[in-house]
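Keep in mind that what you see is a predicted model, and the values were worked out from it rather than measured. In what follows, chains carry the letters A, B, and so on, assigned in the order in which the sequence lines appear, proteins first and then strands, with residues in each chain numbered from 1.
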Number of protein chains: 2
Amino acid sequence: MVEPVKSAFRTVKETLKHKIVAGDWGPGDLIPNEVELAAAFGCARATVNRAVRELADEGYVERKRKAGTRVRTAPLRRAAFEIPVVGDEIAARGSVYRYEHLGQQTLSTPRWLKARMGLDHHGKMLHLTAVHYADANPYQFEARWINLAALPQAAEADFSLMGPTEWLIKTIPFSNVEMSFSATAADEELAHHLVCRLGDPLFLAERTTWWQAEPITYVRLAFQRGHKMTTRV
Amino acid sequence: MVEPVKSAFRTVKETLKHKIVAGDWGPGDLIPNEVELAAAFGCARATVNRAVRELADEGYVERKRKAGTRVRTAPLRRAAFEIPVVGDEIAARGSVYRYEHLGQQTLSTPRWLKARMGLDHHGKMLHLTAVHYADANPYQFEARWINLAALPQAAEADFSLMGPTEWLIKTIPFSNVEMSFSATAADEELAHHLVCRLGDPLFLAERTTWWQAEPITYVRLAFQRGHKMTTRV
DNA sequence: TGATCGGTTATGTCTATACATATTGTGTGG
DNA sequence: CCACACAATATGTATAGACATAACCGATCA
């Protein structure tokens with residue numbers, strides 16, 4: 001547990017947050033304005049401003065000019081996940097990570113993929129499949145498409161040594177991402193590689209990545225049976 | 001698309017972010033210090049500080065006293081979801097929301113639930129089941145347990161009118177939550193209520209809620225076949 | 001009645017300045 | 001050559017003061 005360093009704006013923030021969480025100030029209630037709070041806490045308005053601004057960012061209050069600051073009526077329920085690289089995730093759990101490159105081929109872009117990536121022109125895709133292992137157990141099956149029109153270097157990369165995820169992070173470290181999560185039934189391929197039965201329910205993550213508005217890659221990650229993705233808010 | 005209002009710190013932030021995303025400054029690179037940036041942008045150091053601090057919060061850079069500010073080597077991949085109340089979610093998609101309360105009973109806490117909620121003492125739980133509909137179609141099956149030791153009022157609440165989620169938000173608007181997502185196979189009950197086949201893969205969300213360190217409720221939400229949870233980062 | 005125009009108010013941002021604090025690097029003495 | 005003290009440095013926080021801006025509210029006028 002990291003105990004945050006004391007500082008005036010943190011004290012103000014924690015004090016106000018406590019009043020909200022404990023219900024002293026209920027949803028919809030107007031809280032004192034910044035000048036009053038600054039006087040009450042004996043600090044500058046800028047200090048109160050930072051405290052209350054952060055509470056607004058975190059979804060505790062809503063602020064409006066002239067109208068003042070109110071406790072949110074419908075508190076924001078946000079879930080945030082850190083998405084680690086699969087190798088790091090497995091290593092962090094104390095297991096040995098192994099990556100098996102199954103194969104790659106250059107294909108013309110399937111229709112469904114063009115729709116998903118928002119591509120209008122024709123072009124080639126590099127298609128890769130791989131399995132990620134934790135110790136001796138298959139952990140995740142990866143099926144990836146890389147847009148060769150945007151990333152021609154991918155054709156020359158050697159994905160038997162470095163996984164496509166690592167290679168992509170190295171090549172374009174900052175990108176925009178759309179992720180979606182769902183459930184799917186194991187087909188022949190998944191059942192074989194993840195060592196489960198045909199039709200078993202599997203947790204599925206899909207991710208499309210853009211770099212400067214250009215679609216780069218789409219990946220479909222099927223997790224081992226029973227996998228859970230967890231977060232604490 | 002919301003075009004953010006122009007302001008100096010936003011300009012600084014966007015300019016720096018662009019340099020990072022475009023690769024002008026690569027991972028690990030040291031960026032100019034606040035005084036230099038302030039001079040370059042012709043603004044006060046506090047303005048630069050806010051810009052860079054927000055970039056650090058968003059995972060673009062790492063800051064250390066005396067050592068300076070560096071572009072993150074392993075950019076944080078975060079996925080954030082807004083978790084709406086199911087009724088609002090369905091209404092937002094333009095469908096008609098309907099809620100069907102199936103039943104409720106008071107039970108002693110099962111062993112698995114005590115483990116999950118971190119309860120050591122014995123006590124009663126209110127167990128509820130319900131189905132949420134979008135138009136005529138079942139959307140989500142809800143199985144919920146409410147800790148009566150922490151929330152005795154729940155025993156008197158009428159959950160045929162107001163869904164347990166709404167009731168809980170009203171009762172304890174601000175709480176801590178642990179969520180997890182996985183895939184499961186439809187059992188008899190789920191197949192019946194969600195109108196799918198036995199064994200169909202379903203997307204599952206589980207949520208445990210605490211209020212001031214006290215466990216309040218655990219809920220298991222099974223979504224209609226094919227459901228996807230999507231987010232854009 | 002109703003639309004419009006200012007004035008008032010609370011938040012939003014910015015500045016200049018100051019001191020605190022973590023961390024690095026340097027130099028000194030053993 | 002190492003340990004330790006100390007200076008240098010970049011970020012972290014706080015201050016008072018100022019002006020900007022959105023939004024509410026009442027007054028004025030068609």
Side-chain angles (χ1 to χ4, degrees), chain A residues 1-17 19-20 25-73 75-76, chain B residues 1-17 19-20 25-73 75-76:
Chain A
M1 204 62 170
V2 184
E3 203 56 47
V5 191
K6 70 160 185 180
S7 57
F9 85 89
R10 251 177 264 271
T11 308
V12 175
K13 187 176 162 184
E14 292 310 312
T15 307
L16 299 181
K17 188 196 284 192
K19 277 187 185 285
I20 293 165
W25 291 332
D29 286 0
L30 198 62
I31 79 173
N33 71 41
E34 295 187 349
V35 176
E36 290 175 277
L37 288 172
F41 284 100
C43 65
R45 184 167 80 90
T47 304
V48 172
N49 180 277
R50 178 160 177 196
V52 182
R53 177 158 40 81
E54 290 192 5
L55 288 177
D57 290 343
E58 291 168 30
Y60 289 93
V61 298
E62 276 176 314
R63 319 196 76 192
K64 250 192 338 197
R65 281 178 166 145
K66 158 80 183 176
T69 302
R70 293 177 180 280
V71 178
R72 278 193 82 100
T73 46
L76 280 184
Chain B
M1 207 60 171
V2 184
E3 204 54 50
V5 191
K6 70 163 184 183
S7 57
F9 85 89
R10 251 178 266 270
T11 307
V12 175
K13 186 176 162 184
E14 292 308 313
T15 307
L16 300 181
K17 188 195 284 192
K19 277 188 185 287
I20 293 166
W25 291 332
D29 286 1
L30 197 62
I31 79 173
N33 70 40
E34 295 187 350
V35 177
E36 290 175 279
L37 288 173
F41 284 100
C43 65
R45 184 166 80 89
T47 304
V48 172
N49 180 276
R50 179 160 177 195
V52 182
R53 177 158 39 81
E54 290 192 6
L55 287 177
D57 290 343
E58 291 168 30
Y60 289 94
V61 298
E62 277 176 314
R63 319 195 75 191
K64 247 190 344 194
R65 281 178 168 147
K66 159 80 183 177
T69 302
R70 293 178 179 279
V71 178
R72 279 193 81 100
T73 46
L76 281 183

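In this structure, A:Arg72 and A:Gly59 approach most closely via the heavy-atom pair CD-O, 2.8 Å.
Regarding A:Glu54, its CD atom lies at a distance of 13 Å from the P atom of C:dG12, rounded to whole Å. Atoms CG (A:Asn49) and P (C:dT11) sit 9 Å apart, rounded to a whole Å. As rounded to whole Å, 18 Å separates atom P of C:dT11 from atom CZ of A:Arg50. Look at CG on B:Leu37: it is 15 Å from C1' on D:dT9, rounded to the nearest Å. As rounded to whole Å, 14 Å separates atom C1' of D:dA23 from atom CG of A:Leu30. Taking atom NZ of B:Lys64 as the reference point, atom P of C:dA20 lies 24 Å away to the nearest angstrom. Rounding to whole angstrom units, CG of residue A:Asn33 and P of C:dT8 are separated by 17 Å. If you measure from atom CZ of A:Arg65 to atom P of D:dA23, you get 8 Å, rounded to the nearest angstrom.
One distance of note links CD of B:Glu54 with CZ of B:Arg10; it measures 7.5 Å at 0.5 Å rounding. In this structure, NZ on B:Lys13 lies 8.5 Å from OH on B:Tyr60, to the nearest 0.5 angstrom. Here the CG atom belonging to B:Asn33 is positioned 9.5 Å from the CZ atom belonging to B:Arg63, to the nearest 0.5 angstrom.
Using a 4.0 Å cut-off, some side-chain N or O of A:Thr47 falls inside it from OP1 or OP2 of D:dT15. Between C:dT11 and A:Thr69, a contact under 4.0 Å exists linking OP1 or OP2 to a side-chain N or O.
For a distance-only test at 3.5 Å, the side chain of A:Arg63 fails to qualify as a donor-acceptor partner of the base of C:dT11. At a cut-off of 3.5 angstrom, counting only N and O atoms as typed in the model, there is no donor on one side facing an acceptor on the other between the side-chain of B:Arg53 and the base of D:dT13. In the interface, the side chain of B:Arg45 is paired with the base of D:dG12 through a donor and an acceptor atom under 3.5 Å apart. Put simply, the side chain of A:Arg10 and the base of D:dG12 share no donor and acceptor less than 3.5 Å apart.
Counting only distance, with no hydrogens or angles, the side chain of B:Thr47 and the backbone of B:Cys43 share no donor-acceptor pair below 3.5 Å.
The nucleotide whose nearest atom lies closest to any side-chain atom of B:Lys66 is, among C:dC14, C:dT23, C:dT15, C:dT23. Across D:dT13, D:dT15, C:dT15, the shortest atom-to-atom separation from the side chain of A:Ala46 is found for D:dT15.
Ranked by how close their nearest DNA chain C nucleotide is to the 5' end, B:Phe9 and A:Glu34 are led by A:Glu34.
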